[in-house]
Enquirer: 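Provided herewith is a single structure, encoded as structure tokens, for subsequent inquiry.
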Number of protein chains: 2
Amino acid sequence: MNISQAAERSGVSSKAIRYYESINLITPARRSGNGYRDFSDDDVHMLRFVSRARGLGFSVSEVADLLALYQDRGRASAQVRGLAQGAIARIEGKITELQSIAAVLSDLVARCHGDDRPECPILDDLAGSR
Amino acid sequence: MNISQAAERSGVSSKAIRYYESINLITPARRSGNGYRDFSDDDVHMLRFVSRARGLGFSVSEVADLLALYQDRGRASAQVRGLAQGAIARIEGKITELQSIAAVLSDLVARCHGDDRPECPILDDLAGSR
DNA sequence: CCTTGACCTTCCTGTAAGGGGAAGCTTTAT
DNA sequence: ATAAAGCTTCCCCTTACAGGAAGGTCAAGG
């Protein structure tokens with residue numbers, strides 16, 4: 001099948017597929033006589049794997065690791081688990097950071113009248129007049 | 001004062017200061033006879049404003065808006081509040097997204113033995129063999 | 001006076017992960 | 001036959017700077 005169909009079935013855009021190929025994340029697709037890429041169902045399967053992993057917050061290079069482990073029949077599940085735990089830690093750290101930022105902003109918004117008057121605790125705070 | 005001192009006092013790196021100047025976020029600093037930038041305490045104050053706003057998750061272009069509002073003595077606080085609320089909404093959306101991702105990953109990690117054996121629910125899930 | 005070394009300047013490249021679009025094929029449909 | 005769609009490669013754009021090269025400048029020490 002051509003790239004747009006593979007894109008549709010895998011949930012990875014054509015652009016992204018070409019990109020993944022260019023950085024050697026996936027093995028280059030076969031080419032038909034006309035030079036068009038020709039994808040198999042297995043290719044689509046791999047692309048879905050990539051898509052799902054990316055959606056779970058794994059970086060492209062981590063996806064490369066996951067793919068290698070996936071294709072290594074003798075891998076130890078501990079390695080995969082380690083990657084996933086690292087991803088969780090990063091995500092949770094990010095959540096904590098965002099929550100504290102949101103808390104500060106919410107406090108500022110609560111203290112701001114939000115009307116036609118110029119007085120604004122938000123700007124005052126940003127200006128450091130605490 | 002020179003750029004490195006302004007950087008130290010404001011918490012904005014020298015690189016970032018030059019960058020902010022290049023994109024017209026801040027007004028170009030005065031230059032001394034030798035061509036060096038020469039920062040005043042007011043400049044440092046502005047930089048701190050920028051630094052704090054960036055730290056609160058405002059994009060550079062939003063900071064530009066905030067700075068304009070800050071310098072507009074007649075602004076309506078509602079505008080500032082709107083910007084802040086938009087930021088909060090974005091941040092909370094991001095938090096929700098990250099939380100659901102973390103939940104999926106945590107579930108997968110919990111189901112993975114994480115030992116020498118190759119069986120791995122994480123890879124199985126990524127492969128879509130649900 | 002001269003030489004370091006620490007600053008400063010501008011300019012170029014690189015980052016993550018593709019998106020957008022141009023120029024030029026091929027294939028498909030009318 | 002021709003137009004529309006799809007494919008190819010290639011290059012620029014995005015965010016918000018960091019890193020580093022090449023070269024000018026300033027203050028301290030021998």
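So you know, we letter chains A, B, ... as the sequences are listed, proteins then strands, and number each from 1. Here the structure is a predicted model, which means the values were calculated and not measured.
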Enquirer: At a cut-off of 3.5 Å, list every protein nitrogen or oxygen paired with a nitrogen or oxygen from nucleotides 18-24 of chain D, distance to 0.1 Å.
Expert:
| from | atom 1 | to | atom 2 | distance (Å) |
| --- | --- | --- | --- | --- |
| dA18(D) | OP2 | Ser13(B) | OG | 2.7 |
| dG19(D) | N7 | Lys15(B) | NZ | 2.9 |
| dG19(D) | O6 | Lys15(B) | NZ | 3.0 |
| dG20(D) | O6 | Lys15(B) | NZ | 2.4 |
| dG24(D) | N2 | Tyr36(B) | OH | 2.9 |

Enquirer: What's touching nucleotides 2-4 of chain C from the protein side, N or O pairs under 3.5 Å?
Expert:
none

Enquirer: In this structure, how many angstroms lie between the P atom of dT9(D) and the OH atom of Tyr19(A), rounded?
Expert: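 Checked: the OH to P distance equals 16 Å.
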Enquirer: Give the rounded distance in Å between these two atoms: CD1 of Ile23(A) and P of dG14(C).
Expert: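 Taking CD1 of Ile23(A) and P of dG14(C), I get 16 Å after rounding.
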Enquirer: Using the side chain to side chain contact (heavy atoms under 4.5 Å, CB included) criterion, which residues pair with Asn34(A)? Sequence neighbours excluded.
Expert: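 In terms of side chain to side chain contact (heavy atoms under 4.5 Å, CB included), with neighbours along the sequence ignored, Asn34(A) is linked to Ser32(A), Tyr36(A).
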Enquirer: OP1 or OP2 of dT9(D) versus the side-chain N and O atoms of Arg37(A): is any pair under 4.0 Å?
Expert: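 Indeed, a polar side-chain atom of Arg37(A) lies that close.
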Enquirer: Using a cut-off of 4.0 Å on non-hydrogen atoms, how would the nucleic acid contact of Ile3(A) be classed: base, sugar-phosphate, or nothing?
Expert: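 It contacts sugar-phosphate atoms only.
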Enquirer: Identify all side-chain donor-acceptor contacts of residues 66-73 of chain B below 3.5 Å with residues at least two apart in sequence or on another chain.
Expert:
| from | atom 1 | to | atom 2 | distance (Å) |
| --- | --- | --- | --- | --- |
| Asp72(B) | OD1 | Gly74(B) | N | 2.9 |
| Arg73(B) | NH2 | Tyr70(B) | O | 3.0 |

Enquirer: Any sub-3.5 Å donor-acceptor pair from Arg54(A)'s side-chain atoms to Phe58(A)'s backbone N or O?
Expert: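 Yes: the side chain of Arg54(A) pairs with the backbone of Phe58(A).
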Enquirer: When you measure from every atom of DNA chain D, which of residues 58-71 of chain B have a heavy atom less than 4.0 Å away?
Expert: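 Hits under 4.0 Å, by residue number: Ser59(B), Val60(B).
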Enquirer: If you take all heavy atoms of Val63(B) and Ala53(B), which pair is closest and at what distance?
Expert: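 That closest heavy-atom pairing would be CG2-CB, 3.8 Å.
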Enquirer: Can you list the residues that meet the salt bridge (charged side-chain N to carboxylate O under 4.0 Å, His left out) rule with Asp41(B), with sequence neighbours excluded?
Expert: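 If we apply the salt bridge (charged side-chain N to carboxylate O under 4.0 Å, His left out) test to Asp41(B), skipping adjacent residues, the hits are Arg9(B).
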Enquirer: What I want to find out is whether Arg90(A) reaches Glu62(A) closely enough, with some N-O distance under 4.0 Å, to be called a salt bridge.
Expert: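 Looking at Glu62(A) together with Arg90(A), the answer is yes, because their closest N to O distance falls below 4.0 Å.
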Enquirer: What is the distance, to the nearest angstrom, from the CZ atom on Arg54(B) to the C1' atom on dC17(D)?
Expert: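 So the CZ-C1' distance, Arg54(B) to dC17(D), works out to 9 Å.
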Enquirer: To the nearest 0.5 Å, what is the distance between CG on Leu83(B) and CD on Gln85(B)?
Expert: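 Leu83(B) CG to Gln85(B) CD: 10.0 Å, rounded to 0.5 Å.
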Enquirer: Tell me which pairs pass ring pair (Phe, Tyr, Trp, His ring centres under 6.0 Å) where either residue lies in residues 76-108 of chain A, with sequence neighbours left out.
Expert: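 Output for this query is empty, none listed.
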Enquirer: CG of Asn34(B) versus P of dA27(D): gap in Å, rounded?
Expert: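 For the pair Asn34(B) CG and dA27(D) P, the rounded distance is 9 Å.
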Enquirer: How long is the straight-line distance from OG of Ser13(B) back to CD of Glu8(B), given to the nearest 0.5 Å?
Expert: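 Going from the CD atom of Glu8(B) to the OG atom of Ser13(B) covers 13.0 Å.
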Enquirer: Taking five pairs at each end, how big is the angle between the two axes of the helix from dC1(C)-dG30(D) to dT30(C)-dA1(D), to 10°?
Expert: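 For the helix from dC1(C)-dG30(D) to dT30(C)-dA1(D), the axes at either end differ by 30°.
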Enquirer: Out of curiosity, Phe39(A) CZ to Leu47(A) CG, how far, rounded to the nearest 0.5 Å?
Expert: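 Between Phe39(A) CZ and Leu47(A) CG, I get 6.5 Å after rounding to 0.5 Å.
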Enquirer: Expressed in angstrom and rounded to an integer, what is the separation of Ile17(A) atom CD1 from dC7(D) atom C1'?
Expert: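 Atom-to-atom, Ile17(A) to dC7(D), this comes out as 13 Å.
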Enquirer: Using a 4.0 Å heavy-atom cut-off across all strands, classify Arg18(B) as base, sugar-phosphate, or nothing.
Expert: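 If one applies the 4.0 Å heavy-atom cut-off, Arg18(B) turns out to touch a base.
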Enquirer: Please state how far atom CZ in Arg30(B) lies from atom P in dC8(C), giving the value in whole angstrom units.
Expert: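 In whole Å, dC8(C) P and Arg30(B) CZ are 16 Å from each other.
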Enquirer: Enumerate, atom names and distances included, each donor-acceptor pair closer than 3.5 Å involving a side-chain atom of residues 16-30 of chain A, sequence neighbours excluded.
Expert:
| from | atom 1 | to | atom 2 | distance (Å) |
| --- | --- | --- | --- | --- |
| Glu21(A) | OE1 | Ala29(A) | N | 3.3 |
| Glu21(A) | OE1 | Arg37(A) | NE | 3.0 |
| Glu21(A) | OE2 | Arg37(A) | NE | 3.3 |
| Glu21(A) | OE2 | Arg37(A) | NH2 | 3.4 |
| Ser22(A) | OG | Tyr19(A) | O | 2.7 |

Enquirer: Excluding sequence neighbours, so at least two apart, what forms side chain to side chain contact (heavy atoms under 4.5 Å, CB included) with Thr96(B)?
Expert: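 None.
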Enquirer: When the distance from CZ of Phe39(B) to C1' of dC7(C) is rounded to whole Å, what number comes out?
Expert: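 About 13 Å, once rounded to whole Å.
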Enquirer: Under 3.5 Å, which donor-acceptor pairs link side chains of residues 98-116 of chain B to any protein atom two or more places apart or in another chain?
Expert:
| from | atom 1 | to | atom 2 | distance (Å) |
| --- | --- | --- | --- | --- |
| Ser100(B) | OG | Glu97(B) | O | 3.0 |
| Ser106(B) | OG | Ala102(B) | O | 2.8 |
| Asp107(B) | OD2 | Arg111(B) | NH1 | 2.8 |
| Asp115(B) | OD1 | Ser77(A) | OG | 3.4 |
| Asp115(B) | OD1 | Arg117(B) | N | 2.8 |
| Asp115(B) | OD2 | Arg117(B) | NE | 2.8 |
| Asp115(B) | OD2 | Arg117(B) | NH2 | 2.6 |

Enquirer: Gln5(B) CD to dA27(D) P: how many Å, rounded?
Expert: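 Spelled out: CD on Gln5(B) to P on dA27(D) is 13 Å.
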Enquirer: Please name all residues satisfying side-chain hydrogen bond (donor to acceptor under 3.5 Å, both in side chains) with Ser40(A), sequence neighbours left out, ordered by chain then number.
Expert: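 Expected list: Asp43(A).
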